[in-house]
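Written below as structure tokens is the structure these notes are about.
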Amino acid sequence: MGDLGAAFALILDPYVLMVIAGSAAFGLFVGAIPGLTATMATALLVPVTFFMDPVPAIAAIVTATAMAIFSGDIPGCLLRIPGTPASAAYVDEAYAMTRQGHAERALGTSLVFSAIGGVFGTTVLVLAAPMLAEVALSFSSFEYFWLVCLGLSCAVFISPASPLKGFVALALGLFVASIGLNNPAGQPRFTFGNVDLMSGVPFIPAMIGLFAVSEVLRAAVATTPTPPPPDGAITGIFTEQAGFVRKYWRQALRGSAVGTVIGALPGAGADIAAWIAYAISKKFSRTPEKFGTGHVEGIAEAGAANNGAVSGAWIPALVFGIPGDSITAIVIGVLYVKGMNPGPTIFIHNPQLIQAVFIVFFLANFLMVPFGYVAIKLAKQALRVPTRVLMPVILLFCMVGAFAITNSVYGIVIALILGVAGFLMEENGIPVAPAILGLVLGPMLEQNFITSLIKADGQLIAFFERPISLGLGIVTVIVWILPLVLLLVRRGRGREAAG
Amino acid sequence: MRLSDLTLGLLLLVAGAALSLAARAYPDLPNQSYGASTFPFAVGLALFLLGAIFCAGVIARRERVPPIVFVAWGRNRASWVRLVLVLGLVTFYVMLSPLLGFRIGAGLMLLGLLLTFGTPVWTALIVTVIAVVGIEQVFGGILRVPLPLGTLFQGT
């Protein structure tokens with residue numbers, strides 16, 4: 001209980017509250033601009049939080065992302081362009097409502113149910129994380145190795161792109177992670193004698209490059225401009241919401257649960273959660289034919305899911321140091337930089353910090369309602385900022401941010417090179433998220449693999465000897481084999497049908 | 001700019017092979033058969049196998065697709081010009097910021113970027129001044145990042 005009091009004291013500091021308010025506004029703004037994602041909001045925020053204490057830094061990121069995931073719905077509803085990929089699942093539904101003159105219904109639903117989903121996800125996080133941490137304390141290098149493998153495999157197979165291309169991205173990320181001196185043997189790898197490369201590829205500039213710079217390059221080559229939002233103010237946002245919450249409480253609960261679980265799966269984040277929740281909503285609805293015509297049910301469930309996923313992603317991140325989505329991948333990097341290694345020991349060494357994170361999560365989801373209301377009202381003005389002014393300023397911000405991490409142009413060069421790489425990858429359908437996961441988890445994977453081999457004196461069977469590592473190993477191997485088996489079964493059935 | 005599966009596969013084959021061969025050169029841990037080379041070798045092998053799968057898929061499907069296809073923006077010359085300008089301007093900043101300092105270097109870079117994206121000149125100038133001053137205050141002033149002063153006008 002003393003920890004909780006300490007945690008509240010950490011949060012109720014005026015500086016921290018100011019940071020929360022500022023990053024809420026920032027997250028709402030970035031999420032509302034099409035082409036700028038919640039991940040990018042985090043990426044842009046990291047150089048600023050680099051210089052803050054851990055609590056305001058994490059508070060800033062938590063608030064910004066919670067807000068950004070909601071505010072991505074605003075341009076989706078008004079312009080039919082999702083502000084973040086997580087809003088893409090129900091953009092047609094929301095836009096249909098706008099065309100019928102009921103934009104406030106779509107936006108109000110998305111706001112209220114996002115807050116519900118976020119609170120649910122945070123509650124699960126608060127309850128589940130310490131319990132899982134108890135289990136995680138008995139983990140050794142074998143279990144961690146399999147867990148990282150499982151996480152990376154999920155990221156490859158659950159991502160929307162083809163698993164092969166996901167695997168390519170992962171391998172590239174793992175390669176970039178292996179550059180430098182930081183390996184169990186202390187051997188300089190792929191440094192070509194360059195002193196900067198000996199310290200490895202710095203994570204934050206790499207992430208700025210892959211997510212933010214590549215987006216700027218995409219905007220640079222785009223040939224079509226974005227259309228303006230519709231005329232008229234948006235009023236009566238909350239009028240029908242009490243009724244909707246009473247009517248769709250089952251959907252809210254189901255969406256929140258689905259979102260939290262999927263968010264907790266490494267590699268699967270808010271966007272996948274929203275798609276799956278929308279599909280589930282349509283499947284179990286009593287009126288599936290109404291979906292797509294401007295029906296609230298799907299938006300309620302998927303809106304709750306994507307905010308639930310944002311909270312759920314923190315469960316494996318805090319307990320195991322394995323990111324649940326790209327945003328938590330970035331957060332883990334930030335935690336390492338601040339000397340707070342995520343993992344079960346963080347609950348022992350820094351309990352007040354973890355409690356503070358939980359409090360910020362609740363605060364962010366409660367603040368979402370008034371802040372989101374203001375954002376919806378101001379949305380029209382924000383969407384008028386033209387891309388041609390926004391993108392160059394963002395690029396400058398990225399350059400300075402990358403510079404700030406390494407205090408040299410090395411950071412800028414890394415951001416630029418990886419920005420080009422990310423751009424080319426996305427052009428060819430190779431997703432960027434597995435690459436960032438590879439970059440973050442590569443050192444952990446290698447460290448645990450080599451440590452385990454040393455402990456087992458080179459005997460690979462040792463990876464299956466301990467009970468938990470045996471279980472994790474089997475699950476991982478199943479995840480590897482299952483897509484292949486399904487593919488063969490489908491091909492066999494196809495041949496039967498043809499022949 | 002879309003590469004065909006065959007091109008991608010061949011690139012991955014070459015990259016994977018190069019990576020694995022380069023990794024073999026690193027020494028192992030004392031008295032062990034693994035070490036600094038294990039991980040990059042495995043990654044190189046994975047890339048090689050992925051490349052092989054891509055190529056095998058193409059051969060099995062007997063596809064005849066051009067190696068590189070330019071879609072949408074790829075066929076638009078203005079897009080290529082903008083891309084080259086953006087990359088060039090950032091490179092310009094990287095190379096010349098020690099000489100010009102942050103204010104002039106970033107100012108010129110931002111002005112160039114805004115004009116590349118098609119902003120009218122006066123808007124670009126105003127935005128440049130506001131952005132450069134703002135960022136200098138936030139990063140240089142509040143966060144104490146040592147933004148380059150530039151030797152051109154400092155005499156050192």
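Chain letters run A, B, ... following the sequence lines, proteins first, then strands; residues in each count from 1.
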Report yes if some heavy atom in the side chain of A/L416 is under 4.5 Å from a heavy atom in the side chain of B/V94; otherwise report no. no
Quick one: are A/V409 and B/S97 in side-chain contact, heavy atoms under 4.5 Å? yes
Working to the nearest 0.5 angstrom, can you tell me the gap between A/I394 CD1 and B/L113 CG? 12.0 Å
Heavy-atom pairs under 4.5 Å with chain A - which of B/A46, B/G134, B/P146 has more of them than the others? B/P146
Is A/L424 in contact with chain B via its backbone, its side chain, both, or neither, using a 4.5 Å heavy-atom distance? side chain
What part of B/L50 is in contact with chain A, defined as an atom under 4.5 angstrom from a non-hydrogen atom: side chain, backbone, both or neither? side chain
Quick check for you: to the nearest 0.5 Å, what is the distance between B/F54 atom CZ and A/K165 atom NZ? 5.5 Å
Taking the side chain as every heavy atom from C-beta outward, state whether A/V168 and B/L8 have any pair of such atoms under 4.5 Å apart. no
Quick one: of B/L12, B/V86, B/V90, who has the most non-hydrogen atom pairs under 4.5 Å with chain A? B/V90
Using atom types as modelled and distance alone, determine if a side-chain donor or acceptor of B/R2 lies under 3.5 Å from a backbone N or O of A/G429. no
Contact winner vs chain B - A/A220, A/P188, A/A185, heavy-atom pairs under 4.5 Å: A/A220
Do the non-hydrogen side-chain atoms of A/F403 and B/P148 ever get within less than 4.5 Å of each other? yes
Does any N or O in the side chain of B/Y34 come within less than 3.5 Å of the main-chain N or O of A/L453, such that one atom is a donor and the other an acceptor? yes
In Å, rounded to the nearest 0.5 Å, how long is the span from CD1 of A/I417 to CG of B/L87? 11.0 Å
With rounding to the nearest 0.5 Å, note down the distance linking CD1 in B/I135 to CE in A/M399. 11.0 Å
Exam field: side chain A/N183 to backbone B/A36, donor-acceptor pair closer than 3.5 Å: no
Could you tell me which non-hydrogen atom of B/M109 sits nearest to which non-hydrogen atom of A/L396, and how far apart they are? CE-CD1, 3.6 Å
Between OG1 on residue B/T38 and CD on residue A/E446, distance to nearest 0.5 Å: 7.5 Å
From the list B/G118, B/A131, B/A42, B/G35, the residue making the most non-hydrogen contacts under 4.5 Å with chain A is B/G118
Nearest heavy-atom contact between B/R82 and A/A222 is NH2-O, 3.0 Å
Greatest number of heavy atom pairs closer than 4.5 Å to chain B - which of A/F167, A/F175, A/F190, A/F397: A/F190
